[in-house]
Each structure stands twice: as structure tokens, then as C-alpha cells.
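All figures in this text were calculated on a predicted structure; none of them were measured in a lab. Values reported hereafter were calculated over all heavy atoms of this structure, with side chains retained and with hydrogens, waters and symmetry mates removed. Ligands are counted one by one from 1 in listed order, and the atoms in each one are counted from 1 as well.
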Amino acid sequence: MASLDSKIPKGPLSNKWTNHKSHINLVSPANKRLIDIIVVGTGLAGASASATLAELGYNVKSFCFQDSPRRAHSIAAQGGINAAKNYQGDGDSTYRLFYDTIKGGDYRSREANVHRLAEVSTNIIDQCVAQGVPFARDYGGLLDNRSFGGVLVSRTFYAKGQTGQQLLLGAYSAMNRQIGRGKIKMYNRHEMMDLVLVDGKARGIIARNLVTGKVERHGAHAVVVASGGYGNVFFLSTNAMGSNVSAGWKIHQKGAHFANPCFTQIHPTCIPVSGDHQSKLTLMSESLRNDGRIWVPKNIDDVKAIRDGKLSPTQLKEEDRDYYLERRYPAFGNLVPRDVASRAAKERCDAGYGVNATGEAVYLDFAAAIIRYGKEQAHVKGLDENDAVLVKKLGQGVVRSKYGNLFQMYEKIVDQNPYETPMMIYPAVHYTMGGVWVDYNLMTSIPGCYAIGEANFSDHGANRLGASALMQGLADGYFVLPYTIGDYLADDIRTGSIATHTPEFDAAEKAVVDKINLFLNSKGEHSVDYYHKKLGKIMWDKCGMSRNAEGLKEAMADIKALREDFYKNVNVPGTDSEFNEQLAKAGRVADFLELGELFAKDALDRTESCGGHFREESQTPEGEAMRDDENFTFVSAWEYKGEPADAVLCKEELKYEEIEVKTRSYK
Ligand SMILES: Cc1cc2nc3c(=O)[nH]c(=O)nc-3n(C[C@H](O)[C@H](O)[C@H](O)COP(=O)(O)OP(=O)(O)OC[C@H]3O[C@@H](n4cnc5c(N)ncnc54)[C@H](O)[C@@H]3O)c2cc1C
């Protein structure tokens with residue numbers, strides 16, 4: 001089994017960020033002009049990296065499949081971004097953010113990376129404020145914070161329910177300045193189809209112009225993959241419809257290890273599935289758990305009456321409600337981490353207490369918060385705190401100012417007014433902690449190929465804490481990669497520009513064109529979505545919120561069979577010389593059909609439960625996840641060997657020097 005240890009930093013933690021060898025080799029400003037870098041993806045990670053690399057003087061080529069970087073999935077991020085600023089004076093610190101993140105990830109992330117993340121978290125906020133990101137401010141004009149799950153401080157900065165969009169507009173403005181200066185060349189509506197290796201190093205990509213269908217060659221001294229997460233392997237998820245694994249999978253096929261593919265986050269507060277017609281699920285931000293209380297009826301008769309429409313949830317007395325998170329986890333209550341909250345919802349619904357027609361929904365209720373805020377407002381304004389109508393009106397106003405756009409979104413989708421009746425929510429696939437394996441410098445196991453943002457596996461272990469994805473993406477893009485990449489590029493200042501009329505580019509382009517023709521010539525009977533949906537069902541049923549050995553073995557066999565059928569029976573209409581969304585999708589689903597099998601294999605191999613990975617065979621008598629630190633304190637980094645079932649496991653042992661490894665408890 002290959003060891004990854006040589007790529008991991010050693011020595012005292014406190015020196016790792018400032019003194020690590022990543023800073024030994026630097027590229028001079030003059031030499032940066034001689035170096036080209038390709039960035040695949042312009043979500044928050046890719047846009048921030050592109051802008052910063054160009055600012056430093058490198059020549060950057062950025063690619064995205066949307067018509068503008070502004071449409072990246074990152075704009076969906078609602079709730080906020082963490083930083084250890086301690087503006088609330090509630091005892092936050094770099095160490096505390098570091099500690100919370102390691103604990104939240106169930107002790108399955110690399111200590112050094114997480115410490116660096118906590119250190120640079122504060123710089124991100126300063127950077128974004130300087131760019132004009134309109135973070136929420138408190139009465140005195142200082143930046144405001146709210147709390148997210150798994151922490152006992154308020155460290156989440158936010159811009160209403162549109163934090164990702166506002167942050168992306170900031171990064172995109174910085175990119176645009178560099179596009180204007182000619183330092184970034186932007187390739188919208190271009191999809192990376194493959195990585196080109198020359199002498200074992202990443203030297204460029206094959207891209208396809210999605211509007212004309214033209215296949216193009218692009219050379220560079222380094223390639224950065226910032227292509228986002230792969231939650232859409234489940235078909236239904238909160239991810240943008242276009243989110244996919246293909247860029248990450250292509251580099252995996254070329255030699256980049258893929259780490260912890262089974263570590264997926266199922267978010268507890270999503271709008272429940274309403275039927276087979278759906279192709280997308282909607283998140284209700286975790287920020288709502290600051291004020292919303294989660295419950296189901298205590299008595300099964302009340303559940304039945306609610307489902308039959310004979311009882312409204314607002315009619316149910318306090319003593320007949322089971323606020324199960326507050327009951328089970330008194331210390332963190334409704335703000336337990338996502339994996340814990342999701343499993344608890346599933347437990348109640350599996351026991352028959354789900355409140356909608358499918359039995360897969362619990363309530364998220366704001367009535368108590370509305371009264372609490374209303375009374376406070378009445379007090380502040382010197383009005384009658386016992387006037388129930390007034391208190392409700394004032395309270396609803398406060399809730400509207402905090403979460404108005406989320407409430408509006410809920411009402412539009414569900415056609416119920418959440419100010420008057422509790423929301424219904426259920427867990428859904430949301431984020432992938434697994435991804436391309438990277439070393440401390442964010443380089444994959446292919447020299448010169450980097451992965452940043454959600455595309456890599458780096459910082460969140462087996463469970464990501466809320467508001468930490470934006471922090472990691474922007475840390476990677478603004479503050480880590482632009483500096484660590486110099487260590488590698490310092491050897492390239494005499495290389496000259498990378499030629500693309502070479503046998504390596506010829507071979508890579510031919511493979512891409514052959515695959516496109518294969519799809520177009522396969523005149524099968526099923527659409528691409530038919531296969532994607534079937535894959536999603538296998539994934540949800542057998543690799544979803546809880547997993548067991550038997551189901552995972554079945555999943556591997558089922559996915560393999562589905563993949564074989566896909567190549568025989570898929571039908572892709574249209575041609576390769578026009579905008580052909582089905583053709584683009586065929587390539588992405590083909591990669592999901594391989595990733596899905598590796599995902600199941602990884603979940604089968606890890607016989608412990610940790611974070612979002614819950615193996616039914618490994619649980620405490622109370623039904624909590626039970627880790628096996630003796631045998632599984634490592635990152636599973638899989639090496640590609642053709643069929644996903646043949647992938648070879650490389651282990652990165654995780655060593656904790658600064659944090660005592662304990663059983664995670666939120667009680
Ligand atoms: C509904 C929702 C709400 C969320 N809210 C929060 C929150 O409040 N706080 C938080 O911290 N996190 C949140 N997250 C998570 C967070 O939004 C993501 O993890 C993060 O935005 C990912 O950023 P990224 O730059 O890595 O990838 P993305 O934003 O997904 O960008 C990927 C980029 O890669 C490009 N791309 C992909 N493949 C190719 C290819 N083959 N060729 C060319 N280009 C390609 C795309 O065009 C795009 O530009 C939320 C997620 C969801 C789904």
C-alpha cells in the first residue's frame with residue numbers, strides 16, 4: 001500500500017503555516033509573467049484564486065461551464081461564512097475555530113490544514129469587506145454575527161440569506177479587474193474534458209466550447225481544479241443542477257488520488273421531496289436553526305390526525321410536542337451539527353412520527369421566536385407586552401428582517417405561510433466532504449495539478465460545520481494556493497510556454513472526441529436522466545443516511561450493471577457542433593456512474609461510523625455514530641486502476657498533536 005506520509009507537513013503545529021517549506025521557493029514578479037496557470041471553475045474558490053494569482057502577476061486562463069462566473073453554484077450559499085474574529089466577545093479564537101472544526105469533522109481531518117484555515121479565516125472577512133461585500137451590520141455599524149451548528153459562539157458573518165452570492169460578486173469584481181488588465185483570459189461556456197500530462201506533470205487541459213462544440217487545447221505550467229462538489233451523484237440534492245464530478249474524476253483517472261468519497265453531508269433542513277417529478281431539492285438555511293425549534297408530535301394519534309388534515313400543528317399543545325433535539329442534546333439543542341440533526345430526524349420519521357403524507361418531514365417552528373422577539377420589541381418601544389396581536393406583529397417583523405427571503409422562498413415552493421404555521425423539513429444531500437486528495441500545498445498526487453474548494457477533500461473530515469465551506473473555498477483561493485503554488489512553479493521559470501501540438505495533447509484530444517462520438521452513435525432507448533435518476537435512487541437507498549455491508553455490496557453491483565447498460569442503451573440526441581446539453585450531461589453522468597461505485601466501495605471499507613458516514617453495524621446503544629479510532633484514523637485516498645472496484649487504497653494516517661481525540665458529544 002503506497003504511503004502519502006512524505007507529502008504531509010511535520011513539526012510543531014504553530015510553525016506549519018508560517019515556516020513550512022511551501023514558502024521556501026518563490027517566483028519573482030518578473031518570472032511570474034512567464035508562467036501560465038489554468039483554473040478550472042470560477043465559483044468562490046476558483047474566482048478568488050484566479051483573481052489573486054493574476055494580481056500576483058501570473059497569466060491565468062479561467063474556465064467555467066456557465067455563461068458567467070456569477071452563475072456558479074456558490075451563489076446558492078445562504079447562511080454565512082465563519083471567521084474567528086471574536087466580535088461578539090464570546091470567547092472565540094483561532095484555536096476554538098480549529099478545535100470546533102476538527103471535532104465537528106469527527107476527528108477525520110488533517111490537523112495542520114485546519115489550523116491554517118482557522119488562522120486565515122479572519123483575513124477573509126477583511127478582504128471581502130475591502131471589496132465591498134455588504135455583510136450584515138448591527139445597530140452600532142459593526143459587522144454582525146449569528147450561530148451555526150456545532151459551536152457555542154457566534155462567528156458566522158452573513159449578508160441576509162445571500163452570503164454566497166455577495167461573496168462571489170466580490171471575487172468576480174476582483175477577477176473582472178484582472179480580465180480588464182489582460183491578466184485573466186476568461187473562457188465561459190467551456191467545459192474541461194481532460195487533463196494533459198507531459199512527463200508526468202500537469203501541462204494543460206482539453207476543453208470543449210459548449211456553444212459551438214469545438215474541442216480545444218490549452219497549455220499551462222500548472223492546472224488548478226476548482227470544480228465544486230459531487231452531491232449530484234444522488235440525482236436529488238440541494239446542489240445546482242450543473243454541479244458534477246467530471247473535472248475531479250478526469251484528474252483521478254490520470255493519477256490523482258480520490259479521498260474519502262463516501263463522506264457526504266446530508267443537511268437536516270431541506271424542503272421534503274414531494275414526488276417523482278422532482279429534479280432538485282431546496283435548502284432552508286441552517287441559520288434558521290438559530291431561532292426555529294424542531295419537533296414532531298409526541299403521540300402517534302396526533303401524527304395521524306395531522307396527516308389526515310384533521311389537526312393543525314398550531315393546535316397541538318406544548319406538552320404534546322417532542323422537541324427531540326432539545327431533549328436528546330440539551331447543550332447544543334437545535335444547533336447540533338448537521339449529521340446529528342439529520343439522523344435524529346430520520347430516527348423520528350422511521351419510528352412513524354413524520355408529519356407529511358410521505359411520513360418524511362418534521363417541523364421547524366418559529367412561533368416561540370416570534371413571541372420572544374415581539375415582547376422584546378414591545379419592551380424597547382414602551383408598548384404593551386401583553387397585547388398578543390401586537391407582539392406577534394412585532395415579532396414577525398424581526399423574523400422577516402433576519403430570514404425574510406428564506407421564508408418567501410419556502411412559501412413560494414410549499415404554498416404555506418411559515419410565519420403562521422411551522423415549516424416542514426427533511427434531510428437531503430447537500431455537500432461532499434470527500435474529493436480529490438491534496439497535500440498541504442493543495443497539490444494533488446499529480447505534480448502541477450492542484451485542487452481547491454469543495455473539489456478537494458481537505459479540511460472538513462467526516463462532517464462539515466455550517467458556514468465553513470465558504471471559509472475554506474476563500475481561504476484556498478485568496479490565501480493558500482496563490483502562495484503555495486510558487487513552491488512548485490519556481491522550477492518552471494525556464495520552461496517557456498507549453499506547446500500544445502504534441503503527442504500528449506493529440507492523444508488526450510482523440511480520447512475526448514472518441515467519447516463524444518460514442519455517446520452520439522449509441523442509439524439506445526433511454527435518456528441520460530433515466531440513468532442519473534436510477535443511480536440517484538441506488539445511492540440514496542443504499543449509500544444514504546445510513547449504510548450497511550449488505551446494501552453497499554448490492555450498490556456496487558447495481559451501479560456497475562447500470563453503467564454497463566448506460567453504455568449500451570443511452571440515447572443522446574443532437575450533434576456535437578451545437579449547444580447540446582444532453583451531450584454534456586452524458587459525459588457527466590458517465591463519470592457519476594464510476595464515482596458512485598467507488599463511493600460504495602469506500603463506505604464498505606470503512607466499517608466504523610464517523611460524521612456523515614453512518615454504518616448501522618457501528619453504533620452506540622443510543623443510536624449514535626461509533627468511531628473506531630484504532631483502525632480508521634486515516635484518510636482513504638483511492639488510486640485509479642480502471643474499474644472502480646479495482647481502486648487501490650492508500651492511507652494517510654491522521655496524527656493529532658494539538659487536540660485530544662475524544663468521543664464527539666453535543667449533550
Ligand atoms: C443551497 C446551498 C447553500 C449553501 N450555503 C452555504 C453557507 O451558507 N455557507 C457555507 O459555507 N457553505 C454553504 N454551502 C456550500 C457552498 O456553497 C459550496 O461548498 C461552495 O460554494 C463551493 O464553492 P466552489 O468554488 O468550490 O465550487 P462551485 O461554486 O460549485 O463552483 C464550481 C465551478 O466549477 C466549474 N466547473 C465544474 N466542472 C467544470 C468543468 N468540467 N469544466 C469547466 N468548469 C467546470 C463551474 O462552472 C463553477 O464555476 C451551501 C451549499 C448549497 C447547495
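Residue-ligand proximity: A467 is placed with a non-hydrogen atom under 4.0 Å from ligand 1. Contact between H190 and ligand 1 is present, with at least one heavy atom of the residue lying under 4.0 Å from the ligand. Assignment of G229 to the shell around ligand 1 is not supported, since no heavy atom sits closer than 4.0 Å. In this structure, T42 counts as a contact residue of ligand 1, since one of its heavy atoms falls inside 4.0 Å of the ligand.
Listed by number with element, the atoms of ligand 1 under 4.0 angstrom from any heavy atom of N244 are 38 (N). The distance from ligand 1 to the heavy atoms of Y431 drops below 4.0 Å at these ligand atoms: 19 (O). Under a 4.0 Å criterion applied to the non-hydrogen atoms of G228, ligand 1 contributes the atoms 26 (O), 27 (O), 30 (O), 32 (C). Atoms of ligand 1 lying under 4.0 Å from at least one heavy atom of F65, given by number and element, are 36 (N), 37 (C), 38 (N), 39 (C), 44 (N), 45 (C), 46 (C), 47 (O). In summary, the atoms of ligand 1 found under 4.0 Å from a heavy atom of G41, numbered by their order in the structure, are 33 (C), 34 (O), 35 (C), 49 (O). Interface atoms of ligand 1 facing F63, defined by a heavy-atom separation under 4.0 Å, are 44 (N). Counting the atoms of ligand 1 from 1 in the order shown, those under 4.0 Å from a heavy atom of G453 are 26 (O).
When only non-hydrogen protein atoms are considered, atom 53 (C) of ligand 1 lies nearest to H73 CE1, 3.0 Å. Among protein heavy atoms, the minimum distance from atom 12 (N) of ligand 1 is reached at A469 CB, 3.4 Å. Among all non-hydrogen protein atoms, the one lying nearest atom 46 (C) of ligand 1 is Q66 OE1, 3.4 Å. Looking only at protein heavy atoms, the nearest one to atom 11 (O) of ligand 1 is L470 N, 2.8 Å. For atom 18 (C) of ligand 1, the nearest non-hydrogen atom of the protein is E454 OE1, 3.3 Å. Nearest protein neighbour of atom 2 (C) of ligand 1, counting heavy atoms only, is H430 CE1, 3.4 Å. At the shortest separation from atom 38 (N) of ligand 1 among protein heavy atoms lies S227 CB, 3.6 Å.
Comment: E55 engages R177 in a salt bridge, judged by a side-chain N to carboxylate O separation of less than 4.0 angstrom. A salt bridge links D126 with K85: the distance from a Lys NZ or Arg NE/NH1/NH2 to an Asp or Glu carboxylate oxygen falls below 4.0 Å. A salt bridge links R588 to E191: one of the charged nitrogens lies within less than 4.0 Å of a carboxylate oxygen. Using a 4.0 Å cut-off between a side-chain N of Lys or Arg and a carboxylate O of Asp or Glu, D459 and R116 do not qualify as a salt bridge.
Polar contact with ligand 1: present for L44 (N/O pair, distance under 3.5 Å). Below 3.5 Å of separation, one finds an N or O of M192 facing an N or O of ligand 1. Close N/O approach between S246 and ligand 1 is not found [any backbone or side-chain N/O within under 3.5 Å]. Considering backbone and side-chain atoms together, N239 places no N or O closer than 3.5 Å to any N or O of ligand 1. Between S243 and ligand 1, no N or O atom pair is found at a separation short of 3.5 Å. Checked against a 3.5 angstrom limit, the closest N/O atoms of T238 and ligand 1 fall outside it. For a threshold of 3.5 Å applied to N or O pairs, the pair formed by A76 and ligand 1 contains no separation below that value.
Contacts of N82 with ligand 1, taken as heavy-atom pairs under 4.0 Å, are absent altogether. Only the side chain of R464 comes within 4.0 Å of ligand 1, counting heavy atoms alone; its backbone N, CA, C and O stay farther away. Counting heavy atoms under 4.0 Å from ligand 1, residue L283 touches it through the side chain alone. With a 4.0 Å cut-off on non-hydrogen atoms, S468 touches ligand 1 through its backbone and not its side chain.
In this structure, K160 fails the cation-pi test against F135, since its NZ or CZ atom is not both closer than 6.0 Å to the six-membered ring centre and inside 45 degrees of the ring normal. The side-chain tip of R217 does not point at the ring of F505 from less than 6.0 angstrom away and within 45° of straight on.
Classified by interplanar angle (parallel below 30°, tilted 30° to 60°, perpendicular above 60°), the ring pair Y187/F63 is parallel. Ring-plane geometry between F366 and Y403 is classed as tilted, the angle between the planes lying from 30 to 60 degrees on a 0 to 90 degree scale. Ring geometry for W437 against H257 counts as tilted: the plane angle lies between 30° and 60°, on a 0 to 90° scale.
Between R155 and the choices D100, T122, N145, the side chain to side chain donor-acceptor pair (under 3.5 Å) rule is met once, by D100. Considering F258, F235, F457, F263 as possible partners of Y230, the one that fulfils the ring pair (Phe, Tyr, Trp, His ring centres under 6.0 Å) test is F258.
Put simply, OG on S173 and CD on Q178 are 12.0 Å apart, with the number rounded to the nearest 0.5 Å. Note that the CD atom of Q78 and the CG atom of L283 stand 4.5 Å from one another [nearest 0.5 Å]. We find the CD-CD1 distance between Q408 and I413 to be 11.0 Å, quoted to the nearest 0.5 Å.
The distance between the ring centers of F234 and F599 falls below 6.0 angstrom. Proximity of the aromatic rings of F566 and F592 is defined here by a centroid distance below 6.0 angstrom, and this criterion is not met.
Scanning G46, G80, C64 for the heavy atom closest to atom 9 (N) of ligand 1 points to G80. Atom 6 (C) of ligand 1 has its nearest heavy-atom neighbour, among A47, A77, S68, in A77. Of the options S74, G43, A584, G242, the smallest heavy-atom separation from atom 23 (O) of ligand 1 is shown by S74. Remark: among candidates S237, G79, A226, the nearest residue to atom 8 (O) of ligand 1 is G79, based on non-hydrogen atoms.
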Item to complete: Would you please test Y431 and H460 for ring-ring contact (aromatic ring centres under 6.0 Å, His included) and show each step?
Response: CA-CA 11 Å; Y431 180 87; H460 309 294; 5.8 Å; yes
Worksheet item: Yes or no on salt bridge (Lys or Arg N to Asp or Glu O under 4.0 Å) for R338 and E286, after CA distance, side-chain angles and deciding distance?
Response: CA-CA 9 Å; R338 294 172 179 178; E286 178 159 311; 2.3 Å; yes
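More than 12 non-hydrogen atoms from other residues, nucleotides or ligands lie less than 6.0 angstrom from NZ of K402.
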